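Notes follow once the structure below has been shown.
From a predicted model like this one, the values you see are computed outputs, not experimental measurements. Each residue takes its place number in the sequence, starting with 1.
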Amino acid sequence: MSSAAWLDSAVGGSKPAGDLVIARVGSEQTFGKSGFSLKSPAFEHGGELDPSFTACEEASVAPPLEWTAPPPGSQELVLIVEDVDGPEGKPNLHWLVWGLAPQRGKLLEGEAPPRTGKNAAGNSEWLLPNPPIGEEHRYVFQLFALDLPLTTMPGAKIEQLIKQIEGHVTACAVLTGRFEGHEVEDLDLADDL
């Protein structure tokens with residue numbers, strides 16, 4: 001088995017997950033440390049994302065998330081969401097969040113997080129999943145507990161954040177949601193008149 005076998009198993013699916021941020025800053029030793037875990041009341045690990053969290057619906061928002069308490073001594077939590085099946089075989093960044101309190105907590109459906117950075121589209125919002133028609137992609141929610149508070153300013157890019165968190169992850173957790181691209185039905189405006 002490869003050194004990232006723990007990550008492939010945690011993420012799920014047939015394609016390797018070794019290009020995710022967690023492969024760079026997390027480890028098998030920090031994965032799930034002290035029972036640290038991430039889940040959502042809206043989908044099971046490995047389950048399908050509801051269209052209300054994707055580009056299929058007009059008023060879509062980020063899904064709700066819940067996590068357990070990180071190990072003692074953690075100072076901040078960081079959430080990074082990547083499409084592991086992104087274009088050209090590279091992960092596509094959908095959400096970059098930090099400033100989360102180092103305790104048991106949650107983000108409600110559509111709730112604005114404390115601090116956000118630039119996603120793959122260059123904005124600081126939840127990038128709505130929109131895979132090609134007929135392709136199923138895996139969206140990997142990666143939660144990191146850190147042993148220091150971040151000084152990164154809102155609007156930062158992923159590489160800036162990775163530089164600050166490398167070597168400071170006390171625990172990490174993963175939650176994977178799947179979504180298959182399909183045609184968006186046009187609304188018939190005449191029905192609303």
Side-chain angles (χ1 to χ4, degrees), residues 4 7-8 10-13 15-27 30-31 38-40 42-43 45-57 60-65 67 76-100 107 109-132 135-146 150-169 171-181:
L7 181 56
D8 293 340
V11 169
K15 294 183 202 165
D19 288 331
L20 293 171
V21 170
I22 194 169
R24 290 176 62 183
V25 301
S27 68
T30 57
F31 180 69
L38 176 64
K39 65 180 184 174
S40 174
F43 64 96
H45 177 63
E48 187 157 347
L49 292 174
D50 188 88
S52 64
F53 307 125
T54 73
C56 286
E57 292 191 9
S60 293
V61 295
L65 300 168
W67 51 88
E76 185 167 340
L77 301 181
V78 172
L79 174 69
I80 298 173
V81 184
E82 292 177 289
D83 173 359
V84 73
D85 304 306
E88 300 169 19
K90 293 289 182 198
N92 200 30
L93 182 62
H94 280 256
W95 214 15
L96 189 57
V97 173
W98 65 97
L100 300 168
L107 278 173
E109 184 174 315
E111 179 181 354
R115 292 192 183 132
T116 56
K118 302 284 186 205
N119 61 29
N123 64 51
S124 296
E125 300 167 356
W126 165 244
L127 179 59
L128 300 172
N130 190 19
E135 276 189 35
E136 182 178 83
H137 285 206
R138 294 166 294 161
Y139 298 88
V140 185
F141 296 73
Q142 305 157 78
L143 188 64
F144 302 96
L146 308 179
L150 294 180
T151 57
T152 310
M153 296 300 290
K157 293 185 177 179
I158 183 77
E159 289 304 321
Q160 292 172 275
L161 202 70
I162 289 173
K163 282 180 187 172
Q164 283 214 348
I165 68 177
E166 276 181 314
H168 295 285
V169 174
C172 54
V174 165
L175 173 67
T176 303
R178 299 177 298 103
F179 191 71
E180 183 176 318

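Among Leu20, Leu175, Ile22, the single residue meeting the side chain to side chain contact (heavy atoms under 4.5 Å, CB included) criterion with Val11 is Leu20.
Considering every non-hydrogen atom in both Gly18 and Ala23, the closest pair reads O-CB, 3.2 Å. Val61 approaches Gly110 most closely through the heavy-atom pair CB-CA, 3.6 Å. Nearest heavy-atom pair across Ser40 and Pro64 is OG-O, 2.6 Å.
Residue pairs meeting the salt bridge (charged side-chain N to carboxylate O under 4.0 Å, His left out) criterion with at least one partner in residues 109-126, sequence neighbours excluded, are absent.
Taking the side-chain contact (heavy atoms from CB on, under 4.5 Å) definition, one finds that Thr30 meets it with Ser27, Val169, Cys172, sequence neighbours left out. Listed by chain and number, the residues in a side chain to side chain donor-acceptor pair (under 3.5 Å) with Glu166 amount to none (sequence neighbours excluded). Applying the salt bridge (charged side-chain N to carboxylate O under 4.0 Å, His left out) criterion to Arg178, with sequence neighbours excluded, gives Glu136. Residues passing the side chain to side chain donor-acceptor pair (under 3.5 Å) test with Asp19: none are found, sequence neighbours excluded. Scanning for side chain to side chain donor-acceptor pair (under 3.5 Å) contacts around Gln160 gives an empty result, with sequence neighbours left out. Glu88 pairs by the salt bridge (charged side-chain N to carboxylate O under 4.0 Å, His left out) definition with nothing, not counting sequence neighbours. Residues forming a salt bridge (charged side-chain N to carboxylate O under 4.0 Å, His left out) with Lys157 (at least two apart in sequence, or on another chain): none. Residues satisfying the ring-ring contact (aromatic ring centres under 6.0 Å, His included) test with Phe53, not counting sequence neighbours, are none. Residues meeting the salt bridge (charged side-chain N to carboxylate O under 4.0 Å, His left out) test with Asp83, sequence neighbours left out: none.
Looking at heavy atoms from C-beta onward, Ile162 lies in side-chain contact with Val25 at the 4.5 angstrom threshold. Inter-residue side-chain proximity for Leu79 and Leu65 is flagged as met; some heavy-atom pair is nearer than 4.5 Å. A 4.5 Å side-chain heavy-atom check between Thr54 and Asn130 finds every atom pair outside the cut-off. In this structure, the side chains of Cys56 and Phe179 come closer than 4.5 Å at one or more pairs of heavy atoms. Residues Pro131 and Asp85 fail the side-chain proximity criterion, which asks for heavy atoms closer than 4.5 Å.
If you look at Phe43 and Phe141, their ring centroids are closer than 6.0 Å.
Panel note: side chain Glu135, backbone Glu180; no donor-acceptor pair is recorded below 3.5 Å. One N or O on the side chain of Asp8 and one on the backbone of Ala17 form a donor-acceptor pair closer than 3.5 Å. His45 contributes a side-chain N or O that, together with a main-chain N or O of Thr176, makes up a donor-acceptor pair within less than 3.5 Å.
Between Arg24 and Glu159 there is a salt bridge, since a side-chain N of the basic residue sits under 4.0 Å from a carboxylate O of the acidic one.
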Contacts table for residues 90-98: side-chain donor-acceptor under 3.5 angstrom, sequence neighbours left out:
unit_1, atom_1, unit_2, atom_2, d
His94, ND1, Leu127, O, 2.6
Trp98, NE1, Thr152, O, 3.2

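Residue Leu38 holds its CG atom at 10.5 Å from CZ of Phe144, rounded to the nearest 0.5 Å.
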